[in-house]
There are 2 protein chains.
Amino acid sequence: MASIQDVASLAGVHRSTVSRIINGEGKFRADTKRKVEMAMAELNYRPSAIARSLATASSNMAGLLVTYYTGGFFGEMMEQVQAELDNHNKFLITAQGHLSAEGEREAIRRFHHLRCEGYVLNSRYLPDDELHLLAQEPTPFVLLDRQVAGLESRCITFNHRLAAKQAVSYLIAQGHRKIACISGSLSRASSFQRYQGYVEALQEAGITQADGWAEEGNYSRESGYRAAQSIYQACPDITALFSCSEEMTLGALLFFHQHNVAIPQQLSLISFDSVGLCASLYPPVSEVHFPIRDMAQAAVQLLVSQIHGQPVEMRCHFQPELRLRDSVRPLPAVDGL
Amino acid sequence: MASIQDVASLAGVHRSTVSRIINGEGKFRADTKRKVEMAMAELNYRPSAIARSLATASSNMAGLLVTYYTGGFFGEMMEQVQAELDNHNKFLITAQGHLSAEGEREAIRRFHHLRCEGYVLNSRYLPDDELHLLAQEPTPFVLLDRQVAGLESRCITFNHRLAAKQAVSYLIAQGHRKIACISGSLSRASSFQRYQGYVEALQEAGITQADGWAEEGNYSRESGYRAAQSIYQACPDITALFSCSEEMTLGALLFFHQHNVAIPQQLSLISFDSVGLCASLYPPVSEVHFPIRDMAQAAVQLLVSQIHGQPVEMRCHFQPELRLRDSVRPLPAVDGL
DNA sequence: CTGAAAGCGCTAACAA
DNA sequence: TTGTTAGCGCTTTCAG
C-alpha cells in the first residue's frame with residue numbers, strides 16, 4: 001500500500017506538503033495541490049490512521065463495552081454510540097463483557113491497549129472500587145446506566161426503582177391488588193432496583209405481598225416463560241403481572257397464550273421495554289419505557305466533552321415514561337372496599 | 001502513559017530487551033526478566049497496539065460491515081465474528097452500511113484507513129463490479145451471504161431460493177393451494193431469490209399465482225403488518241401465508257390477532273427466521289432456518305485463512321432447515337381433486 | 001542473553 | 001508556500 005512518501009516522490013514535493021494538503025492546513029499553490037492530488041489518485045493512496053495516531057498521539061478511537069451483541073437491547077446502544085461518534089469522526093471499538101468482571105476488565109484492557117481516547121462502559125460486574133481506581137487514570141470514561149458514588153460526573157443514569165414503581169402504581173390505580181412480578185436477576189443492581197420499585201408501590205398502597213408473587217428470571221425469554229409458569233401455578237388468583245423486561249414478557253405471553261389465560265381479560269400485564277417490542281406483541285403490551293437510546297447518545301456526548309476537556313451542560317439523569325396500550329384492564333370496584 | 005522506554009530506563013535495560021520479554025522472544029536471565037516485570041508493574045505499563053502495528057506493519061484488526069446494529073439479526077453476526085476473532089486475538093472494527101452503496105463504501109474506506117488485515121462484508125448495495133475491483137487490492141475480504149460470479153472463493157452463501165421453495169412446498173404438501181407471500185424488497189438479491197423460491201414452488205405444483213397474493217415489504221415489523229393487511233383484504237380466501245422474515249412475521253401476526261384470524265385454524269403461517277423469534281411467538285411459528293450464525297463463523301475462518309495465506313478446507317455453502325411448529329394446519333383433502 | 005541502530009508512516013515545529 | 005528535521009512507541013536485524 002502506497003505511503004505518503006510514495007505520493008510525495010511521484011508528485012515531486014516533500015511529504016510534509018502532502019500531509020498538509022491532506023489535512024487542509026495552510027495554503028498551497030494550485031499547481032502543487034493538483035500534482036499531489038493526481039499522485040494520490042494514481043497510487044490509490046489511503047492515509048494510515050495508525051501512523052497518524054502515533055504521530056499525533058491521539059488514536060481517534062472510542063471504546064464501548066456491552067454485555068453481549070445479541071438481543072436487540074445492546075444493538076440500540078451501539079447504534080446510537082456509533083452515530084454520535086460518526087459526528088465526531090471517531091472510530092468505534094466494541095467489546096463484550098460477557099457476564100463477568102474479568103470479561104469487563106479484559107474489554108477495558110483492550111481499550112487501553114488501542115489507546116482509545118475514552119470509552120463508554122455499560123458495566124454490570126466491575127465493582128465500584130475498581131471503577132474508582134480506573135477513574136484515577138487519565139483516560140476518560142463514562143458509565144452508562146450505572147450510579148457510582150463519587151463518580152457522579154461520569155454517570156448517565158436512569159431511575160429503575162421509580163420506573164417500576166410507576167408501572168405498578170398504575171396497575172394499582174386501575175384497581176389491581178394482587179400483582180405479581182417477574183424480576184431480573186436480583187444480584188444485578190438495576191434489576192434489584194426494579195424489584196424494589198415493585199415492592200415499594202405495593203407497600204404504599206397497603207398491599208401485603210403474598211408468597212409466590214415474585215419470581216426471579218434472568219432477562220431471557222425462557223426465564224420469562226418459566227417465571228410466568230411458576231407464578232401462575234402458585235397464585236392463579238393474581239389479576240396483574242409486572243414484567244421487568246420485554247424479552248421475559250415475550251416468554252410470559254407465550255405461556256399465557258398456551259394456557260388460555262386471556263390478556264387483559266383474565267390477567268393484566270405491564271412490562272419494561274427499551275427496544276419497542278411490547279407494541280408489536282398481541283395484545284400490545286403497556287410499558288414503562290427505558291430510554292436507552294437517548295441515554296447512549298448522552299453518554300457519548302459526555303465522553304466527548306471529557307475527551308476535549310470542555311465540560312458541557314447536559315442531562316445525565318433520565319426519567320421513565322409510561323406508554324399505555326391494551327394489556328391492562330381496569331378492575332371494577334368491589335363493593336365494601 | 002508510560003512507554004517502553006520508561007520501562008527500560010527504570011529497569012536499567014535497553015528497550016529492545018523489554019520488547020523481547022513482552023513478546024516472549026528468546027531467553028533472558030531470570031534477573032533481567034524480574035526487573036523488567038517489576039518496572040512494568042510499577043509504571044502500570046500497557047504496550048501501545050498502535051505503535052506495535054506501525055512497527056510490524058500489521059494492525060491485528062479485522063473489519064465487519066453490517067447494514068445496521070439494531071434488530072437482532074446483525075447482533076447474531078457480530079457475536080459470532082467477535083467470538084471467532086477473539087480466538088485469533090484480533091480486534092474487531094464494525095461499521096454500518098446503512099442502506100446505500102455509499103454507506104458501504106465509506107465503511108470499507110474506514111477499514112482500509114485503519115489498515116485492517118481483512119474484512120467481512122455483509123454487503124447489499126455495492127455492485128458486483130466494484131467488488132471485483134476491490135478484489136484486485138491486496139487486503140483480503142470475504143462476502144457474507146452474497147454470491148458474486150468470479151469471486152466464489154470469497155463467498156459464504158445460502159440458497160435463499162431453495163429455502164423459500166422448501167417452505168412453500170411444505171405448505172403445498174399439507175394441502176394448501178392458495179398461498180400468499182410477504183417478501184422483502186425485491187430489489188435486494190436475497191429477497192428476490194426468496195420470492196423466486198415461492199413462485200417456483202407454486203409453479204411446480206401447477207398452482208397459478210393469483211393477484212394480490214404477493215406483497216412486498218422491507219423486513220420491518222410495520223411492513224409486515226401492512227402487507228398482511230393488504231393481502232388479507234384483497235384475498236380473504238387464502239389458506240396459507242409465507243413470510244420472508246421473522247420481523248415481518250411479528251407484524252403480520254399482530255394484524256391477524258387484531259382481526260381475529262386464527263392461526264393456524266383459519267390461516268397457516270410459515271416464516272423465514274435466523275434469530276429464533278418464531279419459536280417464541282404465539283402460536284409458535286414454523287420456520288425455514290437461515291443459519292446466519294454458522295455462516296458468520298465460517299466467514300471469519302475463511303477470512304483468517306486468507307490473511308494467513310493458508311487456504312483451508314471449509315464449507316462455504318449453507319443449507320436451509322425446516323423447523324416445524326404449530327402454525328401450519330394440514331388441509332383436509334377435498335373430494336374430487 | 002543483551003545492546004545499538006534503523007525504520008514503520010505520519011505530523012509538527014522551525015526555517016527558508 | 002514549501003522543505004528540513006526530529007520524533008511518536010514499538011520491532012527487528014545485526015553485532016557483541
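Sequence lines set the chain letters: A, B, ... in the order given, protein chains first and strands last, and positions in each chain run from 1. Atom set for the values below is all heavy atoms of this structure, side chains included, hydrogens, waters and symmetry mates excluded.
- An OP1 or OP2 oxygen of C/dT11 is reached within less than 4.0 angstrom by a side-chain nitrogen or oxygen of A/Arg52.
- In the set C/dC10, D/dC10, C/dC14, the nucleotide with an atom closest to the side chain of A/Ile4 is C/dC10.
- Aromatic rings from B/His317 and B/Phe158 are positioned such that their centres are separated by 6.0 Å or more.
- Residue B/Arg29 places its side chain closer to C/dC1 than to any other of D/dT11, C/dC1, C/dC10.
- Between B/Phe290 and B/Phe73, the two ring planes are parallel [angle under 30°; tilted spans 30° to 60°].
- Here B/Thr17 reaches the OP1 or OP2 of C/dG3: one of its side-chain N or O atoms lies under 4.0 Å away.
- For A/Ala55, the side-chain atoms get nearest to D/dC8 when compared with the rest of D/dC8, D/dT12, C/dT2.
- Separating the CZ atom of A/Arg115 from the C1' atom of D/dG9 is a distance of 8 Å, rounded to the nearest angstrom.
- With a 4.5 Å cut-off on side-chain heavy atoms, B/Arg124 and B/Glu104 count as touching.
- The side chain of B/His14 contributes an N or O atom lying less than 4.0 Å from OP1 or OP2 of C/dA4.
- Contact annotation: B/Ser48 does not reach the phosphate of D/dC10 (side-chain N/O to OP1 or OP2, under 4.0 Å).
- Residue B/Arg15 places no side-chain N or O under 4.0 Å from the OP1 or OP2 atom of D/dG9.
- Candidate nucleotides C/dA12, D/dC10, C/dT2 were compared by shortest atom distance to the side chain of B/Arg20, and C/dT2 ranks first.
- Side-chain atoms of B/Arg46 stay outside donor-acceptor range of the base of D/dG9, with no qualifying N/O pair under 3.5 Å.
- Set against C/dT2, D/dC10, D/dT1, the side chain of B/Ser3 has D/dC10 as its closest nucleotide.
- In this model, the phosphate group of C/dT11 is approached by a side-chain N or O of A/Ser19 to a distance below 4.0 Å at OP1 or OP2.
- Aromatic ring centroids of B/Tyr119 and B/Phe141 lie under 6.0 Å apart.
- Listed candidates were C/dT11, C/dT2, D/dT12. Nearest to the side chain of B/Ser16 is D/dT12.
- Spacing between atom CG of A/Asn23 and atom C1' of D/dT2 amounts to 16 Å, rounded to whole angstrom units.
- Distance, B/His113 NE2 to C/dG9 C1': 12 Å, rounded to whole Å.
- With A/Phe318 as the aromatic partner, A/Arg315 meets the cation-pi criteria of under 6.0 angstrom to the ring centre and within 45 degrees of the ring axis.
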